[in-house]
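Lettering of chains follows the sequences in order, A, B, ..., and the numbering in each one begins at 1.
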There are 2 protein chains.
Amino acid sequence: MKTVKISEAVVRRLPIYLRYLNELSKKNVNTVSSQDLGQKLDLNPAQIRKDLAYFGEFGKKGIGYDVDYLIEKIRHILKIDKVIPVALVGAGNLGRALCNYNAYLKDNMKIVAVFDAHDSKIGESINNLKVKPMGELTNTIKNLQVRIGIITVPAFEAQNVANQFVSGGVEAILNFAPIIIKVPHEIRVHHADFTAELQSLAYYLDETKDIIE
Amino acid sequence: MKTVKISEAVVRRLPIYLRYLNELSKKNVNTVSSQDLGQKLDLNPAQIRKDLAYFGEFGKKGIGYDVDYLIEKIRHILKIDKVIPVALVGAGNLGRALCNYNAYLKDNMKIVAVFDAHDSKIGESINNLKVKPMGELTNTIKNLQVRIGIITVPAFEAQNVANQFVSGGVEAILNFAPIIIKVPHEIRVHHADFTAELQSLAYYLDETKDIIE
DNA sequence: TAGATTGTTAATCGATTAACAATC
DNA sequence: TAGATTGTTAATCGATTAACAATC
């Protein structure tokens with residue numbers, strides 16, 4: 001078995017492939033070439049072939065890739081071929097939005113518990129889940145075997161929430177708070193920071209269009 | 001004047017620097033070294049110095065960087081030293097969350113108009129903004145000189161919204177819909193896709209911990 | 001002055017792309 | 001068979017890191 005290190009860039013492209021393959025499958029397209037994929041996704045076909053080849057020989061020379069077969073393979077690689085229990089802390093606007101996205105996620109990511117630090121939120125129902133107090137976090141996520149934690153609290157509470165997730169045994173964290181959280185190195189953290197996203201977008205604005213003062 | 005191409009990686013780190021510098025400023029810290037920054041942000045100090053040096057000589061040898069001066073400079077580089085008018089389409093949970101984040105954004109990103117395609121949403125008030133019908137989009141954003149558009153509609157409506165943003169003259173788009181939108185090359189698009197984010201997180205889960213069936 | 005830290009060049013590392021034999 | 005397309009190696013490109021002279 002090959003043991004090449006797969007770069008993060010490769011892993012981040014897999015969901016992009018998957019999303020488009022799902023579209024194709026819905027349209028009953030059976031086969032797709034790296035050429036087709038590259039054109040649609042603005043990526044180099046060679047890169048797509050190389051990305052997929054890290055994990056196996058999924059294509060057929062002269063033909064391309066079987067759409068449904070490739071979907072199955074990528075889902076397996078991403079480990080989303082089984083339901084993954086997820087917990088979320090922070091029942092504000094963003095937290096609610098993510099919980100309701102659940103419907104969207106036919107992708108086996110299931111939010112199974114929601115927590116909030118504020119009494120006013122506790123007991124509230126979001127997408128059929130009752131918001132629980134922080135005190136119950138560690139036990140609940142242990143019991144439910146939660147593997148991924150989502151943080152949608154203000155920046156100043158994020159590190160504390162992360163610590164509790166770690167105590168509760170999550171393996172990965174998706175952090176929406178605009179702050180770098182510190183966790184043991186074996187825990188994977190991704191940041192989803194749209195403030196930063198907007199700011200870096202602004203860099204590309206055309207300065208000649210600035211309003212003259 | 002140097003005309004080196006600044007890579008996207010560099011631009012994406014600037015908001016990260018800025019965020020931490022703002023924290024320091026609030027704590028009345030006057031000076032910071034690339035060493036300090038690197039440690040706090042999990043980045044190589046040489047990289048930080050190099051990033052900043054693309055834009056000017058902001059530090060003092062033997063001393064480090066003046067926090068407030070560097071904040072000012074980065075804000076200027078990112079073009080967020082003036083208010084940037086932003087419009088948002090899709091008054092669902094996520095859209096509302098982003099609008100309310102406005103308060104957070106002392107960063108000169110101002111959502112000045114919100115639109116939705118559905119009658120039930122139109123007229124509703126979100127953070128002091130009345131949701132407007134799609135028909136008014138092009139004119140409104142022209143009048144308000146909107147420069148950035150945010151898309152928080154379902155995937156199948158996203159391309160249409162993008163087209164309208166382009167007609168209305170936006171220069172950049174932040175797309176939350178899980179689909180690749182096509183726009184003229186001079187328009188900058190960033191994707192903020194937490195489905196993809198979650199899926200790539202799942203890859204890093206420890207498979208030895210999978211439940212045995 | 002001695003110690004610290006920048007800005008920058010050179011070295012390294014890694015990711016992307018091109019090219020092509022294998023083969024459906 | 002002829003045309004198409006993969007998987008993979010080699011070439012290229014770009015980004016990160018190390019090292020150090022300049023200097024506060």
With respect to the side chain of A53(A), which nucleotide from dT8(D), dG7(C), dT16(C) is positioned closest? dT8(D)
Between P of dT17(C) and CG of D51(A), the distance in whole Å: 11 Å
In whole Å, what is the span from the CD atom of Q35(A) to the P atom of dG7(D)? 15 Å
Once the angle between the rings of F176(B) and F194(B) is folded into 0 to 90°, is it parallel (under 30°), tilted (30 to 60°) or perpendicular (over 60°)? tilted
Sub-3.5 Å donor-acceptor pair from the side chain of N127(B) to the main-chain atoms of C99(B), do we have one? yes
Please report, rounded to the nearest Å, how far the P atom of dT12(C) is from the NZ atom of K50(B). 16 Å
Nearest whole angstrom, please: distance from the P of dG14(D) to the CG of N44(A). 13 Å
Between E23(A) and K40(A), is the closest basic N to carboxylate O distance under 4.0 Å? no
Is there side-chain contact between V89(B) and T152(B), with heavy atoms separated by less than 4.5 Å? no
Does the protein touch nucleotides 19-24 of chain D at the base, only the backbone, or not at all? Give it as B, S and - per nucleotide, heavy atoms under 4.0 Å. B--BBB
I need the CZ-P distance between F55(B) and dT8(C), as an integer number of Å. 14 Å
In whole angstrom, what separates Q47(B)'s CD from dT8(C)'s P? 17 Å
May I ask you to establish whether K79(B) and Y203(A) are in a cation-pi arrangement, using a distance under 6.0 Å from NZ or CZ to the six-membered ring centre and at most 45° from the ring axis? yes
Dot-bracket notation for DNA chain D, counting Watson-Crick and G-U pairs under 3.5 Å, with | for partners on another strand: ..||||||||||||||||||||||
Is the shortest distance from a Lys or Arg side-chain nitrogen in R188(B) or E8(B) to a carboxylate oxygen in the other one below 4.0 Å? yes
Would the distance check show the side chain of D116(B) and the main-chain N or O of A91(B) forming a donor-acceptor pair, the cut-off being under 3.5 Å? yes
dT5(C) phosphate, OP1 or OP2: any side-chain N/O from S34(B) under 4.0 angstrom? no
Side chains of Q47(A) and D51(A): any donor to acceptor distance under 3.5 Å? no
Looking at dG14(D), I'd like to know if its phosphate oxygens (OP1 or OP2) sit under 4.0 Å from a side-chain N or O belonging to S7(B). no
Would you check if P15(A) and T195(B) make a side-chain contact, meaning some heavy-atom pair closer than 4.5 Å? no
Nucleotide dT6(C), atom C1' - distance to CG of L52(B) in whole Å: 11 Å
Just the rounded figure in Å: distance from C1' of dT8(C) to CZ of F58(B). 15 Å
Report yes if a side-chain nitrogen or oxygen of Y65(A) is closer than 4.0 Å to either non-bridging phosphate oxygen (OP1 or OP2) of dG7(D); otherwise report no. yes
